[in-house]
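Indexing begins at 1, ligand by ligand and atom by atom, following the structure's order.
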Amino acid sequence: MEHNYSLQPFNTFGIDVKAKHFATFSNIAELQTILHSAPNLDLLILGGGSNMLFTQDFNGLVLRNEIKGISVVKETNTQVFVKAGAGEVWHEFVLHCIAHNWCGLENLSLIPGSVGASPMQNIGAYGVEIKDVFHELSAYHLESGEMHTFHKEQCQFGYRESVFKRALKDQYIITDVTFALAKQPNLKTSYGAIQQELDAKGIQNPSIRDISEAVIAIRQSKLPDPKVLGNAGSFFKNPVIDRNSFETILAKFPNVSHYVVSDTEVKLAAGWLIENAGLKGLRQGSCGVHEKQALVLVNYGGSQGQQILDLSSHIIQTIQALFGITLEREVNIIPPHESIL
Ligand code: FAD
Ligand code: EPU
């Protein structure tokens, strides 16, 4: 176990904070040994640190999940059930599946972070969320020390949501996730610029690898690489509002970028709201709103987490005043920040 350990290399915002205690585990026995040797400490489970903002030193035990391994646990005529250790790197796992022609994860290429964190907020991109291919997960119950299995319906997946962020928050450590992947592709090319990207390359009958490469190219064109510019992807969720509220906004802002979710709900592009509030490219000290994607906050180097949190509060207030909409943060604030602002 390490003490007063720098977390800067372990969070994609690159915030320079320390953990009072820090340990890694690569199997459940190791996890249990660490937990028994350090009872009564506040715990933080760390994957790739790509959806976290540290606002101060962590005065407890940071546990970095390094459980590895990918295996096929079941196969049918049409599906293959693939289990991955929570500490596997998400994008490497996606590439592994593509190489084996296991279909369903290709639209989720290049999302940073670990397999174990993927169910936490039901990661999604380009028209696919992990709930679409999720089968089950195993998790260590901190209170009892037992292993529990969660099937899809028990995870209560929603847009950037799961039971592990709500009712079961901080109660479980996810140790592996099993996905039900297809043997035949069911390509999803209608979202965003995927089709445009394929057309530009002259690809008429795309493979899952072509889709993955198109998604990677689109992502690289707008999202900053955390190795170059600290960030945690979208800082806020896209707000989902009811039809009536949407009609009111549409009357005032006819160009508002949106997607119809259902007969009763519409999702607004928070990036559009932030850009049209004049905040895109805004810089406050060493942090700011990304110049190419207004939903992403960036650390230009040396920013403190609190400064980024303050910037996010300023954005929430400005959007509230202008559009009457309250943005919700997607990034996990550590330690948790109770009030909306
Ligand atoms: P961490 O940041 O380490 O942890 C996130 C949360 O999960 C924390 O609360 C942590 O305690 C908890 N946690 C982590 N592992 C476990 C575990 N094994 N058991 C229990 N709790 C755990 N997200 C999307 O959905 N779609 C995108 O398109 C997307 N694009 C991104 C682009 C960039 C450039 C970046 C930097 C981030 C992006 N994200 C996106 C956000 C992020 O990649 C995902 O949320 C990812 O799943 C986080 O994984 P992680 O391992 O880094 O989690
Ligand atoms: N837009 C602007 N200005 C901007 C940014 C976006 O006007 O600066 C508008 C444009 O109209 C654009 C629309 O917003 O067409 C949508 O933008 P984009 O396709 O970049 O996606 P997003 O809604 O900003 C969401 C996810 C991303 C995911 C992409 C692709 C959320 C909170 N974010 O972003 O996920 O990769 O779609 O599917 O849902 C993440 O969660 O960290 C993340 C990066």
Discussion item. Using the ring centroid of each side chain, check whether Phe179 and Trp90 are separated by less than 6.0 Å.
Written reply: yes
Response to the item:
If you scan protein heavy atoms around atom 23 (N) of ligand 1, the nearest is Gln121 NE2, 3.2 Å
Discussion item. Starting from atom 29 (C) of ligand 1, what is the nearest protein heavy atom, named by residue and atom, and what distance separates them?
Written reply: Arg219 NH2, 3.6 Å
Worksheet item: With respect to atom 20 (C) of ligand 1, which of Phe10, Phe235, Tyr126, Tyr172 exhibits the smallest heavy-atom separation?
Response: Tyr172
Worksheet, complete the sentence: heavy-atom search around atom 4 (O) of ligand 1 in the protein gives Met52 CE, 3.5 Å
Worksheet item: Going by the atom numbers of ligand 2, which of them fall below 4.0 Å from some non-hydrogen atom of Ala269?
Response: 9 (C), 13 (C), 14 (O)
Practice prompt. Report the member of Gln121, Glu330, Arg160 with the shortest heavy-atom distance to atom 27 (C) of ligand 2.
Written response: Arg160
Fill in: Proximal candidate to atom 17 (O) of ligand 2 [heavy atom criterion; set Gln293, His290, Lys292, Glu129]
Gln293
Discussion item. Any heavy-atom pair between the side chains of Thr248 and Lys252 that's under 4.5 Å?
Written reply: no
Response to the item:
shortest atom 10 (C) of ligand 2-to-protein heavy-atom contact is with Ser257 OG, 3.9 Å
Practice prompt. Give a yes/no verdict on a cation-pi contact between Arg64 and Phe10, requiring under 6.0 Å between NZ or CZ and the six-membered ring centre and an angle within 45° of the axis.
Written response: no
Fill in: Protein contact to atom 41 (C) of ligand 1 [nearest heavy atom, distance to 0.1 Å]
Ser50 O, 3.8 Å
Worksheet entry | Protein non-hydrogen atom below 4.0 angstrom of atom 30 (C) of ligand 2 present | yes
Discussion item. Quick check on Glu129 - does any of its heavy atoms sit under 4.0 Å from an atom of ligand 1?
Written reply: no
Practice prompt. Note the single closest protein heavy atom to atom 40 (C) of ligand 1, along with its residue, its atom name and the distance in Å.
Written response: Ile111 CG2, 3.8 Å
Worksheet item: Judged by non-hydrogen atoms, does Tyr159 sit under 4.0 Å from ligand 2?
Response: yes
Worksheet entry | Interfacing atoms of ligand 1 (cut-off 4.0 Å, heavy-atom, Ala125) | 28 (O)
Response to the item:
Gly124 heavy atoms within 4.0 Å reach ligand 1 at atoms 24 (C), 25 (O), 26 (N), 27 (C), 28 (O)
